[in-house]
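Everything numeric in this text was worked out from a predicted model, so none of it was measured.
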Amino acid sequence: MDRIKFIGCFIAATMVLTSSMTQVCTNLSTVSNMKTNTIYAASLSDSALGFASAAGVTGGDFSSEKAYVKVSNADELVTALSSSSRKSGVKVIEITGDIDLGYNMISTSAKSSDSGLTPASQPLTHPTLKKTGVSQLKISDFEGLTIFSSNGAKIKHGCLVFSKCSNVKIQNLEFDELWEWDEKDKGNYDTNDWDYMTLKGCSGFWVDHCTFHKAYDGVIDSKDGTTGLTISWSRFLSGDPNNIFYKAAFDEMETNISEYPMYGYLRQTAGLTKDQIMKVASPQKKTHLVGATEFNQTNNNLEITLCYNYYSNSQDRLPRLRGGNAHVYNIVVDSADAYYAGKIISSENANKIKSAGYHFTVTSQAFVSTENGSLYVQDSIIKGVKSPQKNNQKSSDKPEYTGKMIISNSYYECGDLKYTGSSTDKDAPDAIKPVPAPTKEFSWNKTPNLTGENIPYMVKLYSLQELENVLLSNCGTSKTFVGTDIPSVTIPIITTTTADNKLTTTSIISATSVYPQTDITSTLITDTDNKIMYGDIDENRCVDISDLTLMSLTLLGDYNFTQKQEKAADVTGDGTFNLSDLAHLKQYIMKDDVVLGPPIV
């Protein structure tokens with residue numbers, strides 16, 4: 001069958017997915033005046049998502065031979081990002097190996113006046129950082145820039161500060177080793193201004209498929225009116241007690257305990273073990289600060305989209321918004337370990353530690369919007385967070401400090417409480433509603449890329465049943481990265497408000513959002529000898545739209561099955577893989593009464 005004929009057959013086989021639908025923009029203007037819309041996923045492409053899409057982010061191009069450079073060490077990276085390189089036309093930087101940006105590890109020749117490289121705050125407690133130092137690399141005025149790695153290269157011991165840059169794309173990079181125990185500030189973590197990335201006055205910025213380990217301060221902060229920012233398909237990690245770098249900080253203090261008064265107090269007076277302290281200290285304290293100064297005029301321009309990200313044990317700021325707009329969709333916040341780590345210290349012991357002047361607790365909040373910022377969270381999973389929505393950082397009797405925020409069609413779990421729905425539902429538990437101030441009616445603010453009542457970009461939503469598996473399989477860096485394409489198909493989404501003013505956002509394919517996912521293995525035929533689950537093409541023990549996508553790509557000639565995948569794709573059980581298997585799997589996903597695999601005899 002030629003390609004044209006196949007496309008026609010495929011459209012005919014799946015037209016139920018798109019019949020009677022009209023492509024329009026998402027309207028999330030107010031809960032009380034929600035219109036019915038259809039949203040379509042973008043086709044496979046290297047296109048930006050969210051506000052970065054609205055800002056037209058494409059990154060750097062290969063307009064000349066000098067536009068593309070490869071770097072393999074810190075000296076080369078610093079040079080490539082210098083003002084002289086910008087003026088010479090550098091647009092695309094590929095990082096081919098791990099880079100140590102520790103200030104003490106960089107040659108004197110690379111520390112030129114136009115390099116933007118300066119020493120960051122001096123490390124005080126971590127033995128590795130005291131040796132390497134920490135750098136701050138300021139990257140200014142680039143217009144059209146891509147920094148990426150094809151093998152998931154790691155950048156250590158450095159803070160990247162982007163100032164007045166536009167049309168920037170950062171992809172497939174890992175950021176690590178930028179945390180130390182805080183003795184000087186007694187656990188408040190305000191001494192070292194160490195963020196992996198800080199964006200100042202930037203416009204059009206896309207961070208995609210990156211991995212971020214625990215940081216001393218924030219992970220990615222945005223300020224000075226940065227617009228068109230999207231962070232997507234990225235993974236955010238906490239401190240791992242088995243990680244060599246994280247463990248080294250505590251080994252050092254355990255060996256020289258008299259030199260670390262706070263640690264010594266926790267061990268000797270509060271009676272905590274080393275392992276207990278490591279667990280309580282593990283969660284990431286701050287994640288995304290959006291707007292650094294209260295009521296700064298530039299805060300009105302702030303824009304950020306967080307989508308398809310996995311946050312493991314973040315304590316706060318997902319994001320922390322001061323003005324402007326934040327749209328969060330299809331993320332997983334899994335802070336279950338942080339929640340239980342917070343229970344390690346008894347209330348009596350916590351009061352004793354506080355009275356001694358030390359800060360050693362686990363903050364348990366997620367989304368923070370103040371100063372009239374608009375923060376909309378939809379179709380996400382939130383676990384282990386006591387206060388998912390905070391709308392005022394001062395007091396409830398100061399409404400000028402209150403932000404606008406909603407959680408829509410999401411799954412929430414904390415302790416014994418489990419709820420799927422929206423914070424505006426009549427039966428919504430108090431735990432997911434904004435605190436401490438009275439709820440403000442939601443509306444979007446006017447920002448450079450959002451001038452009307454509609455979000456200015458298309459949204460593809462995974463169902464809550466499949467979301468966690470999708471993110472765990474696709475978030476973060478990859479050693480074989482070939483672009484930002486994630487296998488997907490066009491999925492119609494309907495956003496509506498019901499008669500009782502309840503917001504719902506559902507997929508035609510997955511008409512209900514019920515979490516946790518049911519055990520589907522009992523409904524499928526499996527080949528136990530070859531460990532095959534029929535229909536599970538991507539081998540994640542789940543049959544969903546991603547498997548349908550891989551089938552269609554294979555029939556188009558754009559993907560090649562392994563022998564095992566080809567057998568799993570024979571869902572009709574006739575011994576071959578062809579278009580009828582595609583249609584059969586579609587029927588299964590649409591909840592038709594069909595069986596996957598060979599007929600039962």
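A heavy-atom distance below 4.5 Å is not found between the side chains of F162 and F142. Residues V459 and C307 have side chains not in contact (no heavy-atom distance under 4.5 Å, counting atoms from C-beta outward). Residues W179 and Q284 have side chains not in contact (no heavy-atom distance under 4.5 Å, counting atoms from C-beta outward). Counting only heavy atoms from C-beta outward, the side chains of I455 and Y376 never approach each other to under 4.5 Å. Annotation: side chain of V333 is not in contact with side chain of S380 (no heavy-atom distance under 4.5 Å). K223 has its side chain within reach of T198: a pair of non-hydrogen atoms, C-beta onward, lies under 4.5 Å apart. Annotation: side chain of I147 is in contact with side chain of L81 (closest heavy-atom distance under 4.5 Å). Side-chain contact between L302 and I304: absent, with no pair of heavy atoms (C-beta onward) separated by less than 4.5 Å.
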Working for side-chain contact (heavy atoms from CB on, under 4.5 Å), residues T305 and Y457:
CA-CA 11 Å; T305 302; Y457 49 82; 3.0 Å; yes
Residue pair L101, L160: steps toward the side-chain contact (heavy atoms from CB on, under 4.5 Å) verdict:
CA-CA 10 Å; L101 271 181; L160 304 182; 4.0 Å; yes
Go through it in stages, so that I can follow the logic: the residues are Y189 and H359, the test is ring-ring contact (aromatic ring centres under 6.0 Å, His included), and I'd like the CA-CA distance, side-chain angles, deciding distance and then a yes or no.
CA-CA 9 Å; Y189 288 89; H359 307 273; 9.7 Å; no
Would I220 and Y196 satisfy side-chain contact (heavy atoms from CB on, under 4.5 Å), going step by step from the backbone distance to the final call?
CA-CA 6 Å; I220 303 177; Y196 285 119; 5.6 Å; no
Test log, rule side-chain contact (heavy atoms from CB on, under 4.5 Å), inputs L461 and L467:
CA-CA 9 Å; L461 296 174; L467 179 60; over 6 Å; no
What verdict does the side chain to side chain donor-acceptor pair (under 3.5 Å) test give for D75 and S107, after you've listed the backbone C-alpha separation in whole Å, the side-chain angles of each residue and the deciding distance to 0.1 Å?
CA-CA 7 Å; D75 285 16; S107 71; 2.4 Å; yes
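Applying the side-chain hydrogen bond (donor to acceptor under 3.5 Å, both in side chains) criterion to D334, with sequence neighbours excluded, gives Y310. Under the side chain to side chain contact (heavy atoms under 4.5 Å, CB included) criterion, E254 pairs with Y263, R267, K274, sequence neighbours left out. With sequence neighbours left out, the ring pair (Phe, Tyr, Trp, His ring centres under 6.0 Å) criterion links Y311 to F236, H288. In this view, N325 and F51, S374, W444, N445, T447, L450 satisfy the side chain to side chain contact (heavy atoms under 4.5 Å, CB included) rule, not counting sequence neighbours.
Across every non-hydrogen atom of A80 and V71, the tightest pair is CB-CG1, 4.0 Å. Scanning both residues, S234 and C475, for their nearest heavy atoms gives O-SG, 3.8 Å. For the residue pair K66 and V69, the shortest heavy atom distance occurs at O-CG1, 4.3 Å. What you find for T125 and W181 is that their closest heavy atoms are OG1-O, 2.7 Å. Nearest heavy atom pair, residue P127 against residue A248, reads CG-O, 3.9 Å. Residues R317 and T287 share a closest heavy-atom pair of O-CB, 3.2 Å.
To the nearest 0.5 Å, atoms CD1 (I93) and OH (Y68) are separated by 11.0 Å. Note that CD of Q315 is 9.5 Å distant from CD of Q365, once rounded to the nearest 0.5 Å. With rounding to the nearest 0.5 Å, the separation of CG in D275 from CG in L272 is 11.5 Å.
Between the side chains of D100 and H157, at least one donor N or O sits under 3.5 Å from an acceptor N or O. With 3.5 Å as the limit, one finds a donor-acceptor pair spanning the side chains of S150 and E94. Side chain to side chain, E180 and Y216 fail the donor-acceptor criterion of an N or O pair below 3.5 Å.
At least one test fails for K247 against the ring of F250: distance under 6.0 Å to the centre or angle within 45° of the axis. In this structure, K111 is positioned above the aromatic face of Y103, its NZ or CZ under 6.0 Å from the six-membered ring centre and within 45° of the axis.
Side-chain atoms of S85 never come within 3.5 Å of backbone atoms of V90 as a donor-acceptor pair (strictly under, hydrogens ignored). Using a distance-only test at 3.5 Å, with no hydrogens or angles considered, a donor-acceptor pair links the side chain of S410 to the main chain of D379. Without hydrogens or angle criteria, T477 side chain to G152 main chain gives no donor-acceptor distance under 3.5 Å. In this structure a side-chain-to-backbone donor-acceptor pair under 3.5 Å is missing from D195 to C159. Counting only distance, with no hydrogens or angles, the side chain of D98 and the backbone of K154 share a donor-acceptor pair below 3.5 Å. A donor-acceptor pair is defined here as one N or O able to donate and one able to accept, closer than 3.5 Å; such a pair exists between the side chain of S82 and the backbone of T79. At least one donor-acceptor pair under 3.5 Å links the side chain of K214 to the backbone N or O of P283. A donor-acceptor pair under 3.5 Å is formed between the side chain of N104 and the backbone N or O of K131. At least one donor-acceptor pair under 3.5 Å links the side chain of E303 to the backbone N or O of N449. Looking at D316, its side chain never comes within 3.5 Å of a backbone N or O of K286 through a donor-acceptor pair.
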Name every donor-acceptor pair, under 3.5 Å, that has one atom in a side chain of residues 114-124 and the other anywhere in the protein, sequence neighbours excluded.
{"residue": "D114", "atom": "OD1", "partner": "S112", "partner atom": "OG", "Å": "2.9"}
{"residue": "D114", "atom": "OD2", "partner": "S83", "partner atom": "OG", "Å": "3.4"}
{"residue": "D114", "atom": "OD2", "partner": "S84", "partner atom": "N", "Å": "3.3"}
{"residue": "D114", "atom": "OD2", "partner": "S84", "partner atom": "OG", "Å": "2.9"}
{"residue": "S115", "atom": "OG", "partner": "S112", "partner atom": "O", "Å": "2.8"}
{"residue": "S115", "atom": "OG", "partner": "L117", "partner atom": "N", "Å": "3.2"}

Quick one: side chains of residues 53-61, donor-acceptor pairs under 3.5 Å with protein atoms, not counting sequence neighbours, listed by atom name and distance.
{"residue": "T58", "atom": "OG1", "partner": "N167", "partner atom": "ND2", "Å": "3.3"}
{"residue": "D61", "atom": "OD1", "partner": "S63", "partner atom": "N", "Å": "3.3"}
{"residue": "D61", "atom": "OD1", "partner": "S63", "partner atom": "OG", "Å": "3.3"}

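Using cut-offs of 30° and 60° on the angle between ring planes, the pair Y329 and H327 is tilted. The aromatic rings of F212 and F175 sit parallel to each other, their planes meeting at less than 30°, with 60° as the upper class boundary.
Just one residue in the list N300, N296, V290, L289 forms a side chain to side chain contact (heavy atoms under 4.5 Å, CB included) with R322, and that residue is L289.
For K169 and D208, the salt-bridge test fails: no basic side-chain N is under 4.0 Å from an acidic carboxylate O. Under a 4.0 Å N-O distance rule, the pair K383/E468 qualifies as a salt bridge.
Between H126 and F245, the ring centre distance stays below 6.0 Å.
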